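Taking it in order: structure first as structure tokens, then the write-up.
Just so we're on the same page: letters track the sequence lines, and every chain starts at 1. Keep in mind that what you see is a predicted model, and the values were worked out from it rather than measured.
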There are 2 protein chains.
Amino acid sequence: MLEYRSPLTAHLSGFGDLGAGDKNLIQEAVGKRVRIAAAHSDIVCEGDSPRWVKVVLEGWAMRYKQLPDGRRQVLALMLPGDICDANAFIHQHMDHSICALTTVRYAEVSQADFEALLTASPRLTRALWWSELVTLSIQREWTTNIGQRQAYERIAHLFCEVFARLQAIGLTQGESCEFPLTQTDIADATGLTPVHVNRMVQALRHDGLIELRDKRLHLRDAAKLRHVAMFTPAYLHLSRI
Amino acid sequence: MLEYRSPLTAHLSGFGDLGAGDKNLIQEAVGKRVRIAAAHSDIVCEGDSPRWVKVVLEGWAMRYKQLPDGRRQVLALMLPGDICDANAFIHQHMDHSICALTTVRYAEVSQADFEALLTASPRLTRALWWSELVTLSIQREWTTNIGQRQAYERIAHLFCEVFARLQAIGLTQGESCEFPLTQTDIADATGLTPVHVNRMVQALRHDGLIELRDKRLHLRDAAKLRHVAMFTPAYLHLSRI
DNA sequence: CGAAGGATTGATTAGTCTCAACGCAAGTGG
DNA sequence: CCACTTGCGTTGAGACTAATCAATCCTTCG
């Protein structure tokens, strides 16, 4: 019989194998306080002073930031296992918001429990640091994506990254995966307008690289897609040495 | 007589006051192994597996990433006190490079010494996490800057941020500060072309917002500059409780 | 049936890029 | 010491990417 792995365990195992004791600690910390957020509702708002570290257990969420004039930037996608600001309580106030894209089931971990995790074992400490550094590395790649790639490449890159991350936690089916973002969401994540995203997505479809409909993404030609996106997954640090 | 504060102490004090013991530990860790990098030389290269955590003591450096076709994105500026990947040794390989902008004096801290710092005192642990989270927060703001702001605003924002960060560590003189980036560097940091950066910098000058020459930046009208940049320094988390 | 959210299309404009050249200052070698 | 180079900033003209504005269509849902 297969052992149940919580999404957080699966996620942290990206760093390396954890001991049974560590896994139990994780299960426990993550099981105490579970909440549900409806799709399109904010989980954390800019200005909040969160007293809990949040861990996505199921569903998709996104970080976003808004400029005074209303422009919105989607900063990151949060998939099952992702930790929402390892140390939310170190910063007084959130400088951005987090919003559910689908119905999201997430755990709230108290400061005490989180610090217990942090110091439980050297292996777990490093796994949590690893997770934080991966978040940072992904953020750097997003900066590069928006700064350097053309619209067509940029959207292709987003698709490659999402697929790779979902694959790492076992949430892909063959060459396809869930993809709940609207074209407007993609636009805000890539720094483009919805209209232009629409045209580029159509181009990607027409070129036989992807299918995208009904919130589902198919990679029709993954190799070519990765090539046009100049996607090299090293920055996801998924290798488990 | 004034106590000497290393740039790292100054930086970490952004989180809150540290105890004398903590400060001594920092001084010691940072004093063991000091190196110099010439301007325009790489300090760490993509693909390296660094065995030391590096701390900038003096001078400016930048992180950058290159796409296969040669396009370059500057990801971050590193100023005195900045820690270069708190846990470089957790990731096997660097997915980007770090390059000196000016002559840089930096410390190399061994894994053992760094972990000793990390566990020395709760206050220091939190200060180092704080530093890492600030890095992440700045990276998010850069994503937003490139994704949402127009060229003119984007460059203005870069100027505001640099000035604010330098001010926090006492490296501004009145309304002016050092600014060793070339217009090409600014271009790679903002996702623009050097030619367009040139025109926008001229516009900023013409509008009486800044002066920029001989590697020196003057804010002529800081309030207006911050306004057009939509600069809100919250994301730098400089407030000391 | 009407309303609402999302995707799509077309026409036009604006912002930024590309290419190409030139100016200037500092550094270098004969 | 001068000719040459090199790096950086500046300027102009034209091309092109992506934004804007404005409809239309489709599906879902109350």
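- What separates CZ of B:R149 from C1' of C:dT16 is a distance of 18 Å, to the nearest Å.
- Side chains of A:P50 and A:M94 form a contact here, defined as non-hydrogen atoms less than 4.5 Å apart.
- Between the OH atom of A:Y152 and the P atom of D:dC16 there is a distance of 19 Å, rounded to whole Å.
- Residue A:Q202 places at least one side-chain N or O under 4.0 Å from the OP1 or OP2 atom of C:dT9.
- Note on A:R63 versus A:D95: no salt bridge recorded, every NZ/NE/NH1/NH2 to OD/OE distance being 4.0 Å or above.
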Pairs under 3.5 angstrom, nitrogen or oxygen only, protein versus nucleotides 3-6 of chain C, please.
none

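- Formation of a donor-acceptor pair under 3.5 Å by the B:E178 side chain with backbone atoms of B:K215 is not found in this model.
- For the pair A:N198 and C:dT8, the criterion of a side-chain N or O lying under 4.0 Å from OP1 or OP2 is met.
- One finds no side-chain N or O of A:R213 lying less than 4.0 angstrom from the OP1 or OP2 phosphate oxygen of C:dT8.
- Using a 4.0 Å cut-off between a side-chain N of Lys or Arg and a carboxylate O of Asp or Glu, A:R140 and B:D85 qualify as a salt bridge.
- For the pair A:F179 and A:L101, the minimum side-chain heavy-atom distance is 4.5 Å or more.
- Rounding to whole angstrom units, CZ of residue B:F179 and P of D:dC8 are separated by 14 Å.
- The CG-P distance, from B:L101 to D:dC8, rounds to 11 Å in whole Å.
- D:dC16 atom P lies 20 Å from atom CG of A:L192, rounded to whole Å.
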Nucleotide N/O of nucleotides 28-30 of chain D paired with protein N/O under 3.5 Å:
none

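- Contact of the B:V109 side chain with the B:K54 side chain is not registered, since no non-hydrogen atoms from C-beta on lie closer than 4.5 Å.
- Put simply, the side chain of A:L219 reaches to within 4.5 Å of the side chain of A:R226, judged on heavy atoms.
- Residues B:L75 and B:W142 are not in side-chain contact: their nearest non-hydrogen atoms beyond the backbone lie 4.5 Å or more apart.
- Heavy-atom minimum distance, B:A168 versus B:L238: CB-CD2, 3.7 Å.
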List every contact pair, protein side and nucleotides 10-15 of chain C side both N or O, where the distance is under 3.5 Å.
{"residue": "C:dG10", "atom": "N7", "partner": "A:R199", "partner atom": "NH1", "Å": "3.3"}
{"residue": "C:dG10", "atom": "O6", "partner": "A:R199", "partner atom": "NH2", "Å": "3.3"}
{"residue": "C:dA11", "atom": "N6", "partner": "A:R199", "partner atom": "NH2", "Å": "3.1"}

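- Using a 4.5 Å cut-off on side-chain heavy atoms (C-beta onward), B:H157 and B:E141 make contact.
- A:Q148 has its CD atom 17 Å from the P atom of D:dT17, to the nearest Å.
- Using a distance-only test at 3.5 Å, with no hydrogens or angles considered, no donor-acceptor pair links the side chain of B:R105 to the main chain of B:I36.
- Between B:Y106 and B:V55 there is no side-chain heavy-atom pair separated by less than 4.5 Å.
- Recorded end-axis angle for the helix from C:dC1-D:dG30 to C:dG30-D:dC1 stands at 30°, based on five pairs per end and rounded to 10 degrees.
- Within the structure, the salt bridge (charged side-chain N to carboxylate O under 4.0 Å, His left out) test picks out the following pairs touching residues 163-172 of chain B (sequence neighbours left out): B:D82-B:R165, B:E161-B:R165.
- The CG atom of B:D214 sits 16 Å away from the P atom of C:dC24 (whole-angstrom rounding).
- With rounding to the nearest 0.5 Å, the separation of OG in A:S176 from CZ in A:R220 is 11.5 Å.
- Two residues are said to be in side-chain contact when any heavy atoms from C-beta on lie closer than 4.5 Å; B:V197 and B:V201 meet this criterion.
- Listed by residue number, the members of residues 58-73 of chain B with any heavy atom below 4.0 angstrom from DNA chain C form an empty set.
- Here B:R35 pairs with B:E108 in a salt bridge; the nearest charged N to carboxylate O distance falls below 4.0 Å.
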